[in-house]
Amino acid sequence: MPEGSYTAKLLSEGPSRVGQKVIEEAGEAALAAATGETDNLPAEIADLLYHTLTLMASVGVSPNAVWEELRARRG
Ligand SMILES: N=c1c2ncn([C@@H]3O[C@H](COP(=O)(O)OP(=O)(O)OP(=O)(O)O)[C@@H](O)[C@H]3O)c2ncn1[C@@H]1O[C@H](COP(=O)(O)O)[C@@H](O)[C@H]1O
């Protein structure tokens with residue numbers, strides 16, 4: 001594991017732990033939006049996106065697979 005790497009440590013804990021972080025960060029982002037704390041929103045959303053990408057890596061889902069899914073939904 002790369003020394004001092006948060007990402008490596010989180011990945012070593014498995015998808016369930018990464019998923020918990022996604023839920024936590026989604027809650028923080030939603031709360032910031034609901035309470036009008038818009039100054040905090042970019043940081044909260046950055047945390048959410050980072051942890052979502054880490055969750056994808058932990059289960060082997062590529063960004064391209066997600067883009068393809070979104071593209072297929074276009075009506
Ligand atoms: N973008 C990010 C990034 N966003 C958020 N975080 C970390 O995510 C954690 C989440 O915040 P919390 O307040 O929940 O932190 P915490 O209490 O330490 O977390 P837990 O103990 O609950 O797991 C913080 O420790 C942040 O530093 C990130 N850690 C790393 N990156 C990037 O990932 C890449 C690899 O970095 P390393 O992970 O350091 O190798 C680099 O480009 C980094 O900039």
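Residue indices begin at 1 and follow the sequence shown. First listed ligand is number 1; within each ligand, the first listed atom is number 1. Below, each value reflects all heavy atoms present in this structure, side chains not excepted, and no hydrogens, waters or symmetry copies.
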If you measure from [atom1] on [X] to [atom2] on [Y], what distance do you get to the nearest 0.5 Å?
X     : Y     : atom1 : atom2 : value
Leu48 : Ile23 : CG    : CD1   : 11.0 Å
Ser5  : Leu10 : OG    : CG    : 9.5 Å
Glu44 : Leu31 : CD    : CG    : 8.5 Å
Arg71 : Asn64 : CZ    : CG    : 7.0 Å

For [atom], decide whether some protein heavy-atom distance is shorter than 4.0 Å.
atom                    : result
atom 2 (C) of ligand 1  : yes
atom 17 (O) of ligand 1 : no
atom 42 (O) of ligand 1 : no
atom 35 (C) of ligand 1 : yes
atom 10 (C) of ligand 1 : yes
atom 20 (P) of ligand 1 : yes

Within ligand 1, which atoms have a heavy atom of [X] less than 4.0 Å away?
X     : answer
Glu24 : 14 (O)
Glu25 : 10 (C), 11 (O), 14 (O)
His51 : 8 (O), 10 (C)
Asp47 : 4 (N), 5 (C)
Arg17 : 20 (P), 22 (O), 23 (O)

Heavy atom of the protein closest to [atom] (residue, atom name, distance):
atom                    : result
atom 39 (O) of ligand 1 : Tyr6 N, 3.7 Å
atom 6 (N) of ligand 1  : Tyr50 CE2, 3.6 Å
atom 40 (O) of ligand 1 : Ser5 OG, 2.6 Å
atom 15 (O) of ligand 1 : Lys21 NZ, 4.2 Å

| query | Where does the angle between the aromatic ring planes of His51 and Tyr6 fall among parallel (under 30°), tilted (30 to 60°) and perpendicular (over 60°)? | reply | perpendicular

| message | Test salt bridge (charged side-chain N to carboxylate O under 4.0 Å, His left out) on Lys21 and Glu24; report intermediate values, then the result. | response | CA-CA 5 Å; Lys21 293 299 297 181; Glu24 180 185 314; 3.0 Å; yes

